[in-house]
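The structure appears below as structure tokens.
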Number of protein chains: 2
Amino acid sequence: MRPECESKCRLLRTAMELIWESSYGAVSVDDICRKAEVKKGSFYHFFPSKADLTVAAMEADWKAKQPDLDAIFSPQLPPLKRLERYCQNVLECQRQTLATHGKILGCPMMTLGAELSTQEETIRAKAAEIVGRYVRYFESAIRDAQAEGIVASGDAREAAERVFSLFQGALLQAKILNELTPLEDLHKSLHRLLEVREETAVT
Amino acid sequence: MRPECESKCRLLRTAMELIWESSYGAVSVDDICRKAEVKKGSFYHFFPSKADLTVAAMEADWKAKQPDLDAIFSPQLPPLKRLERYCQNVLECQRQTLATHGKILGCPMMTLGAELSTQEETIRAKAAEIVGRYVRYFESAIRDAQAEGIVASGDAREAAERVFSLFQGALLQAKILNELTPLEDLHKSLHRLLEVREETAVT
DNA sequence: AAATTAGTTGACCGGTCGGTCAAGTCAAGG
DNA sequence: CCTTGACTTGACCGACCGGTCAACTAATTT
């Protein structure tokens, strides 16, 4: 009675992994159960539907990533350094998926959002929620940069959303082209988008 | 013997329409046939598989859009005006899908690329091809702007790819949030990304 | 020790999936 | 006029889809 989530956690992790590698529609409940070594009956004991499992997996995935993001966006670091480190992180992460899968997988939130936003409202809403959390990291970094006079003033929230759009777009383009190039000069693009005063930006 | 494509064309149009509204995985061959009023036997007379139909539909969709794009990006227009008109076009297009479907559908190339790039190589390749064609419009506009000294010099191709990433990202974010806001200030973001000299940019 | 409960198991369901096929229609070309 | 070949039709296929269920196990509570 105390397998301490065990099966449930394995289902969450496996589901996100498989969906990331292919797509929601291409992964069946049986696939997930097989790989997670959990019987289908157990699956439906924990989750009322495939869509519900997916929403839960998105949240679990975020929780797993948050510590890394907290570290990257630590307010102890100079604000532009945070953005630079995030750029490096994105590039490195995709470099790894390219190495291990031969494919650039992009971001799971992107795959799910693009595929299901028009069909599964709960999944769309969860994706939107997580997008909002990402934007918050950018927002505070930008606000700090503005306070230091390194970045043009203006609505930090809007600027953060634009920056996030650029990331999402670059990731999607990298996935479609199956090349890392769109991710390589992200840092420079970001500086232009934020109108960074380059002379003062040498941190 | 000369229904002049008729059924085939209807299949191509219907397929793209349905996939755009939901996704590749969520649309069945039967769905497409039913809506196109074509029997499944005929479907497989024209196309060897669902994936092949999709690739053909992507190409047909591009061919249908090209005249509009040619007009928007006419070299007769000032280069920045072309980009501005494209921004307006994107916003207007999504405003319409929001009005008619209650959902922002984004760009079909995005939906397909994000969903299938890791699974169906032929579809990924076609998406990449079409991305390349879009980038060409931006590239020549940017090059013309550089020649006029309105835009910072540098690799026009790379700049065009960055601009296209921004568009893709904004569209994806709009789809996930189901809001038009990410598309509304695209024009300004674009100017920052290209380092437009604002004083001379008044066309 | 009895009752309760969370979790497990495997058989089962109707419907739908992508795809096949043989038989037919019908207009153009020899 | 008769063959040819592009196109149509509807029945059919096995596999798999998401989801259900009753019986079972074993630790926890009372």
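Since we're looking at a predicted model, the values are computed, not measured. Chain identifiers are assigned alphabetically (A, B, ...) following the order of the sequence lines, protein sequences preceding nucleic acid strands; residue numbering begins at 1 within each chain.
- Separating the CZ atom of Phe46(B) from the P atom of dG19(C) is a distance of 17 Å, rounded to the nearest angstrom.
- Of all non-hydrogen atoms in Lys8(B) and Phe46(B), the two that sit nearest each other are CD-CD2, 3.8 Å.
- At the phosphate of dT8(D), neither OP1 nor OP2 sits under 4.0 Å from any side-chain N or O atom of Lys39(B).
- Summarising the geometry, the separation between CG on Leu53(A) and P on dC17(D) is reported as 15 Å, rounded to the nearest angstrom.
- As a whole-Å value, the separation of Glu6(A) CD from dT9(C) C1' is 17 Å.
- Atom-to-atom, CD1 of Ile32(A) to C1' of dC16(D) comes out at 15 Å; the value is rounded to the nearest Å.
- In this structure, the side-chain contact (heavy atoms from CB on, under 4.5 Å) partners of Ile72(B), at least two apart in sequence or on a different chain, are Arg85(B), Tyr86(B), Asn89(B).
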Considering only nitrogen or oxygen atoms on both sides, find all protein atoms under 3.5 Å from nucleotides 15-18 of chain C and state each distance.
unit_1  : atom_1 : unit_2   : atom_2 : d
dC17(C) : OP1    : Ser28(B) : OG     : 3.2
dG18(C) : OP1    : Lys50(B) : NZ     : 2.9
dG18(C) : OP2    : Val29(B) : N      : 2.9
dG18(C) : N7     : Lys40(B) : NZ     : 3.0

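- Here the C1' atom of nucleotide dT8(D) and the CG atom of Leu11(B) are 12 Å apart, to the nearest Å.
- Scanning residues 112-121 of chain B for heavy-atom distances under 4.0 Å to DNA chain D yields an empty list.
- A salt bridge links Glu121(B) with Arg124(B); the closest basic N to acidic carboxylate O contact falls under 4.0 Å.
- In this structure, Val38(A) and Thr14(A) have side chains that are not in contact, with every pair of non-hydrogen atoms separated by 4.5 Å or more.
- Of the possible donor and acceptor atoms, one in the side chain of Asp155(A) sits under 3.5 Å from a partner among the backbone N and O of Glu158(A).
- When rounded to the nearest whole Å, the span between CG of Leu18(A) and C1' of dC17(D) equals 16 Å.
- For residues 171-180 of chain B, the side chain to side chain donor-acceptor pair (under 3.5 Å) pairs, not counting sequence neighbours, are Ser165(A)-Gln173(B), Thr111(B)-Lys175(B), Glu179(B)-Thr181(B).
- Evaluation of the side chain to side chain donor-acceptor pair (under 3.5 Å) test over residues 41-51 of chain B, restricted to residues two or more places apart or in two chains, returns Ser49(B)-Asp52(B).
- Ser7(B) has a side-chain polar atom (N or O) that falls below the 4.0 Å cut-off from OP1 or OP2 of dT8(D).
- Between the P atom of dC21(C) and the CZ atom of Phe43(B) lies a distance of 17 Å, rounded to the nearest Å.
- Between Arg136(A) and Glu139(A) there is no salt bridge, since none of the side-chain N atoms of the basic residue sits less than 4.0 Å from a carboxylate O of the acidic one.
- Residue pairs meeting the salt bridge (charged side-chain N to carboxylate O under 4.0 Å, His left out) criterion with at least one partner in residues 63-76 of chain B, sequence neighbours excluded, are Glu59(B)-Lys63(B), Asp61(B)-Lys65(B).
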